[in-house]
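Shown next, in structure tokens, is the structure this report addresses.
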Amino acid sequence: MIETHAHIYSDDYNEDRTEMLDRAWAAGIEQIWMPNCDSGTIGPMMELAQAFSDKCLPMIGLHPTYVKEDFEKELLIMEAWLDKYPFIAVGEIGMDLFWDVTYREQQKKAFLYQCKLARKHNLWIDIHSRNAFRETVALIEQFGDSQLNGIFHCFTGNLDEAKKAIELGFKLGIGGVSTFKNGGMDKVIPFVELEHLVLETDAPYLAPVPYRGKRNEVSYIDIVAQRVADLKQITKTEVIAATTQNALSLLR
């Protein structure tokens, strides 16, 4: 399995990171893709990338909730890193209008700039979109490059939104929300072809049932795989095989 989105450098794992990773490998995880947040998370992320160079693969980007007054300075740091390290993607980037809309316009500028960086380096993008699907889609369409693709991480939209994301060339990142009783994914996943799905946890956030509300971890992706299998009425083995290939297809 490939875990396409996990913040394993988070302080939440400072006490048992090695054990957490051992559980991930034991669960059959072959690779963990690490999204970046801002300049402050690059150091701990890159330590893991160097310690597990074949398993923990880093992205680089400025997360929308970290976009503040100094966002342009932060973007220059991301750009400099892109010039000196072979990251797998630009991410996580996007729009978040859930917590605070103060920096809405700065988020838009940061997203478009990072889309440009992704295309310059022939990389895909890992999109964070919360309470902002329409705005994010508008920015992708404004950018207007059909070669821009990637993942709508932690996809929780409706079927029409799923179809729109797919139409734009993106895969849907399916995580713990798919196991929530009112998560809404039971109305989406059965009607989306398996070729458009990838698996993730977003650890340490959004733990699946029965761990909801607790710290999430990478090994729980097995629960997500089983949930997708149940919703699509196929085997977990089929889900793992397909989503692994879907993820690998993004790597350049």
Would you confirm whether Gln142, through its side chain, and Ala138, through its main-chain N or O, come within 3.5 Å as a donor-acceptor pair?
no
For the CH2 atom of Trp25 and the NZ atom of Lys55, what is their distance to the nearest 0.5 Å?
5.0 Å
Does one side chain, of His5 or Glu200, offer a donor that lies under 3.5 Å from an acceptor on the other?
no
Check Phe98, Phe170, Phe152 against Phe133 for a ring pair (Phe, Tyr, Trp, His ring centres under 6.0 Å) and give me the one that passes.
Phe152
Salt bridge (charged side-chain N to carboxylate O under 4.0 Å, His left out) partner of Asp145, chosen from Lys116, Lys120, Arg119:
Arg119
Ignoring hydrogens and geometry beyond distance, is a side-chain donor-acceptor pair present between His63 and Asn36 at under 3.5 Å?
no
Donor + acceptor pair across side chains of Thr244, Glu30 (<3.5 Å):
no
Less than 4.5 Å apart, any side-chain heavy atom of Gln106 and any of Lys109?
no
Below 6.0 angstrom between ring centroids: does that apply to Phe71 and Tyr103?
no
Heavy-atom closest pair (Thr179 atom, Val209 atom, distance to 0.1 Å) is OG1-N, 2.9 Å
Gap between atom CD1 of Ile32 and atom CZ of Phe52 - 0.5 Å precision:
8.5 Å
Mind checking whether Cys115 and Ile125 have side chains closer than 4.5 Å, heavy atoms only?
yes
Pick one: which of Glu72, Glu79, Lys108 meets side-chain hydrogen bond (donor to acceptor under 3.5 Å, both in side chains) with Tyr113?
Glu79
Which heavy atom of Leu172 sits nearest to which heavy atom of Ala162, and what is that distance?
CD1-CB, 3.7 Å
Would you call Asp16 and Arg215 a salt bridge, using N to O less than 4.0 angstrom?
yes
Distance, nearest 0.5 Å, that separates CG of Asp126 from CD1 of Ile60:
12.5 Å
Check ion pair Lys164-Glu161 (N to O, under 4.0 angstrom)
no
Of all the heavy-atom pairs spanning Ser10 and Pro204, show the shortest one and how long it is.
OG-CG, 3.7 Å
From CA spacing to verdict: side-chain contact (heavy atoms from CB on, under 4.5 Å), Asn149, Leu250:
CA-CA 8 Å; Asn149 67 349; Leu250 289 168; 4.1 Å; yes
Please report the C-alpha distance between Lys171 and Glu195 in whole Å, then the side-chain angles of each, then the deciding distance to 0.1 Å, and finally whether the side-chain contact (heavy atoms from CB on, under 4.5 Å) criterion is met.
CA-CA 8 Å; Lys171 300 190 184 303; Glu195 66 189 89; 5.8 Å; no
Any side-chain heavy-atom pair from Leu251 and Ile88 closer than 4.5 angstrom?
yes
List the atom of Lys232, the atom of Pro190, and the distance in Å for their closest heavy-atom pair.
NZ-O, 3.8 Å
Please evaluate residues Met46 and Tyr85 with respect to the criterion side-chain contact (heavy atoms from CB on, under 4.5 Å), reporting the C-alpha separation (whole Å), side-chain torsions for both, the decisive distance (0.1 Å), and the verdict.
CA-CA 10 Å; Met46 295 308 294; Tyr85 189 90; 3.5 Å; yes
When rounded to the nearest 0.5 angstrom, what is the spacing between CD1 in Ile93 and CG in Leu117?
8.5 Å
What is the distance from atom CD1 of Ile174 to atom CG of Leu199, rounded to the nearest 0.5 Å?
8.0 Å
Quick check: do Ile127 and His153 have side-chain heavy atoms less than 4.5 Å from each other?
no
Kindly say whether Asp96 contributes a backbone atom to a donor-acceptor pair with the side chain of Gln107 at under 3.5 angstrom?
yes
Would you mind reporting whether Thr243 and Met1 have side-chain heavy atoms less than 4.5 Å apart?
no
How close do Ile223 and Pro210 get, heavy atom to heavy atom, and via which atoms?
CD1-CD, 4.2 Å
Is the shortest side-chain heavy-atom distance between Leu206 and Thr201 below 4.5 Å?
no
So which of Arg23, Lys236, Arg227 actually passes salt bridge (charged side-chain N to carboxylate O under 4.0 Å, His left out) with Asp222?
Lys236
Quick check: closest heavy atoms across Tyr66 and Asp38, and the distance to 0.1 Å?
CD2-OD2, 3.3 Å
Phe155 vs Leu197, side-chain contact (heavy atoms from CB on, under 4.5 Å): CA-CA, chis, key distance, verdict
CA-CA 10 Å; Phe155 183 80; Leu197 306 180; over 6 Å; no
Between Tyr205 and His7, does the ring centroid distance fall short of 6.0 Å?
yes
With rounding to the nearest 0.5 Å, note down the distance linking CE in Met78 to CG in Leu62.
5.0 Å
